[in-house]
Participant: 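This is the structure I want to talk about, given as structure tokens.
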Number of protein chains: 2
Amino acid sequence: MSYDNAKRDSGSVMKTVIQTIHAELIAVLVAVTGSVPRVLTLADGSAFPAGPLELTHRSLQAGVRAWVERQTHHPLGYIEQLYTFADPTRGATVAGDQAERSISISYLGLTREIASGGDTVSWQNIYRYFPWEDRRSDPTLIERTIRAEMGRWVGTSAERAARVNACFGLDGSPWNEDLALSRYELLYEMGLVREAARDGQSNNGEFIPGAMMHADHRRILATALSRLRAKIKYRAIVYELMPESFSLLELQRCVEALAGQRLHKSNFRRLLASQNLLEETAHYAPGVGRPAKLFRFRAALLAERAIAGTRLPIARP
Amino acid sequence: MSYDNAKRDSGSVMKTVIQTIHAELIAVLVAVTGSVPRVLTLADGSAFPAGPLELTHRSLQAGVRAWVERQTHHPLGYIEQLYTFADPTRGATVAGDQAERSISISYLGLTREIASGGDTVSWQNIYRYFPWEDRRSDPTLIERTIRAEMGRWVGTSAERAARVNACFGLDGSPWNEDLALSRYELLYEMGLVREAARDGQSNNGEFIPGAMMHADHRRILATALSRLRAKIKYRAIVYELMPESFSLLELQRCVEALAGQRLHKSNFRRLLASQNLLEETAHYAPGVGRPAKLFRFRAALLAERAIAGTRLPIARP
DNA sequence: GTAATAGTGTCTTTCAGACAGTATGAC
DNA sequence: GTCATACTGTCTGAAAGACACTATTAC
């Protein structure tokens, strides 16, 4: 029996309803400029570049590139697939025998920031949407608000308390920057972000600061931030974000901006040295104080990428 | 200006072609049985459970669950999204003013193996499709074949040589089990797997052993294997694969099966102990030699999951 | 000289790799 | 006792974390 027969045999009864599926491509473009991580947005910060998958697109990635360039006139470097959503709020609706369904395929891109192309096209600070994710200065500012609001939701449930503590690094749990998405989802579930009220979730408390976005775009941004923070630890993705040459401190500030945490200078440098990613240039950056030596990424880097990986306790023969 | 207006302003000229998009859901279900990692297949091992996204599906995940249960009658536990493909070989075709396009959204699931449900439904050894990925016994067997065939493709290109060495752990580079997808893609590009010839890639050499699959299912399996191997290092996903209780060696064999490598016993145990995942049971497994103590996963594990994460050199204030 | 920023040395603790050992069963 | 498998102890070297130090500019 062929594959197609196998499928038909165990398939469902056909319906006469005609189903139309809309596939939307969404791009989250990230750059880091002067210690601020930013995303490229439309509509004054409330949405990402997006558009339907079209016939002229040779691939999903090509489609994303086309839409971003059309809508923002911003050149596009490295991009990778993020996640595919079938947003229930924009989900299946049936009218007569016509049914509609919408799928969003999101991509994450990394670039250097270039002057934005249109009136409503702009670069926005990522932490405008997630103030609680930036712990570079004083983490306690927002923490206090969150802790108070959460207390109400947790109530007497030990399970809820454990979840909140793990997500937000409270009560002995360490803060884990990768959990950005989990934190957003938790806040949403608790009814503490504005979208929750809009989407008809129960809302028991005050809203936590942080700008809302169109549809589920803010959730997509949280997904992007989580992915970015996890990836920066085992891949040299900062490559795409830095200019031709840069000082070591600039590189550190870039990673700090994404991680939302301050890093330890000399340990950071030791790590860099062990990775053998950089090479010196002959130039120095001017400024107050001692001038900083400028570095660039090693050219041979492309071939070697993605070899490190984490460790398992492998047995040697 | 609203979001929708912004989109329309910079949008393309509308075409009168009506575009139909087919969204297919594909499930890669993995289990480990007796030191063998296996996948659930249809059509005697040549395809995965799959079916179109339907109106009745409340979400993508629900759709996947429905199709798997319908086609294989196998219960489904933990699943996560894998990748979305717009396969060019099954891609855009235009007939009159009707255009068609197919998207595949794949999911990875983890389970314990249960007797398979239909005639052509079966569990297959993953390494049947990627013999070169199993290095538990003798890595040199296939390595020799691969090395010979690759030599031809590499030629005098230093860049190609570097890529091959990094992927296959030759010439001083360490073997990295996570690169399963890269290795498959490289072999495909070199024309050394059967699909390459089928899809019209140039074929310069002999084929490397390994069973072919329907459409791009083997590529999807490679994606799944890579994801699984990467994830097993920072998440306790083996949880889903093991029975109620098990010996430490059984757990080790399970990880080894997925990683395709032997692990170091006492170091593996030390790692387990530091993670605090397990608790003892009162029972012992019988067998030749000293009976093994049986363990189970700690119940409190659910709340704590996904907190570990890798490290950045964080500065303490 | 001071202020300001750039960059290095090194001590201590923790952890990963390797190898040796002991424990408990069947016979 | 032997054989086979289960499990533990510990030595060693390599990283990770923390802290203090020196270097080079502008003024």
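Given the structure is predicted, the values throughout are model-derived calculations rather than measurements. Each chain gets a letter, A, B and so on, in the order the sequences are listed, and its residues count up from 1.
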Participant: Classify the ring geometry of B/F130 against B/Y184: parallel below 30°, tilted from 30° to 60°, perpendicular beyond 60°.
Facilitator: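 Plane angle over 60°, so perpendicular.
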Participant: Name the residue from B/R262, B/R227, B/K233, B/R135 that meets the salt bridge (charged side-chain N to carboxylate O under 4.0 Å, His left out) definition with B/E177.
Facilitator: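 Among B/R262, B/R227, B/K233, B/R135, the one that satisfies the salt bridge (charged side-chain N to carboxylate O under 4.0 Å, His left out) with B/E177 is B/K233.
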Participant: Whole Å only: how far is the OH atom of A/Y284 from the P atom of C/dT5?
Facilitator: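 Value for this atom pair: 19 Å.
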Participant: Grab the NE2-P distance between A/H264 and D/dA15 for me, whole Å please.
Facilitator: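 That distance rounds to 19 Å.
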Participant: Rounded to whole angstroms, how far apart are CG on B/L272 and P on C/dC15?
Facilitator: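 Taking CG of B/L272 and P of C/dC15, I get 15 Å after rounding.
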Participant: Expressed in angstrom and rounded to an integer, what is the separation of A/L294 atom CG from C/dA6 atom P?
Facilitator: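 After rounding, the reported distance stands at 11 Å.
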Participant: So, is B/R269 near the phosphate of D/dC7, with a side-chain N or O under 4.0 Å from OP1 or OP2?
Facilitator: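 Checking B/R269 against D/dC7: at least one side-chain N or O falls below 4.0 Å of OP1 or OP2.
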Participant: Measure CG/A/N267 against P/D/dA14 and give the value in whole Å, please.
Facilitator: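 Spelled out: CG on A/N267 to P on D/dA14 is 18 Å.
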Participant: Select one nucleotide: of D/dC7, D/dT24, C/dT24, the one nearest the side-chain heavy atoms of B/P291.
Facilitator: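 Nearest to the side chain of B/P291 among the choices is C/dT24.
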Participant: D/dT5 C1' sits how many Å from B/L249 CG, rounded?
Facilitator: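 Answer to the nearest Å: 9 Å.
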Participant: Indicate yes or no: does A/E250 engage A/R253 in a salt bridge with an N to O separation below 4.0 Å.
Facilitator: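 Salt bridge absent between A/E250 and A/R253.
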Participant: Can you tell me whether the side chain of B/R270 and the base of D/dG9 have a donor-acceptor pair closer than 3.5 Å?
Facilitator: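 Donor-acceptor pair under 3.5 Å: no.
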Participant: Less than 3.5 Å between a donor and an acceptor, one on the side chain of A/S266 and one on the base of D/dC19, is that the case here?
Facilitator: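 Between D/dC19 and A/S266, which were checked side chain against base, a qualifying N/O pair under 3.5 Å is present.
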Participant: Are A/R229 and A/W175 in a cation-pi contact, defined as NZ or CZ under 6.0 Å from the six-membered ring centre and within 45° of the axis?
Facilitator: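 Judged by the rule, A/R229 and A/W175 form no cation-pi pair.
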Participant: Round to a whole Å and report the spacing from NE2 of A/H283 to P of D/dT24.
Facilitator: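 The answer, rounded to whole Å, is 20 Å.
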Participant: For B/R290 and C/dT24, what is the distance between atoms CZ and P respectively, to the nearest whole Å?
Facilitator: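 It works out to 6 Å between those atoms.
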Participant: Between C/dG7 and A/K265, counting only base atoms on the nucleotide and side-chain atoms on the residue, is there a donor-acceptor pair under 3.5 Å?
Facilitator: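 Between C/dG7 and A/K265, which were checked side chain against base, a qualifying N/O pair under 3.5 Å is present.
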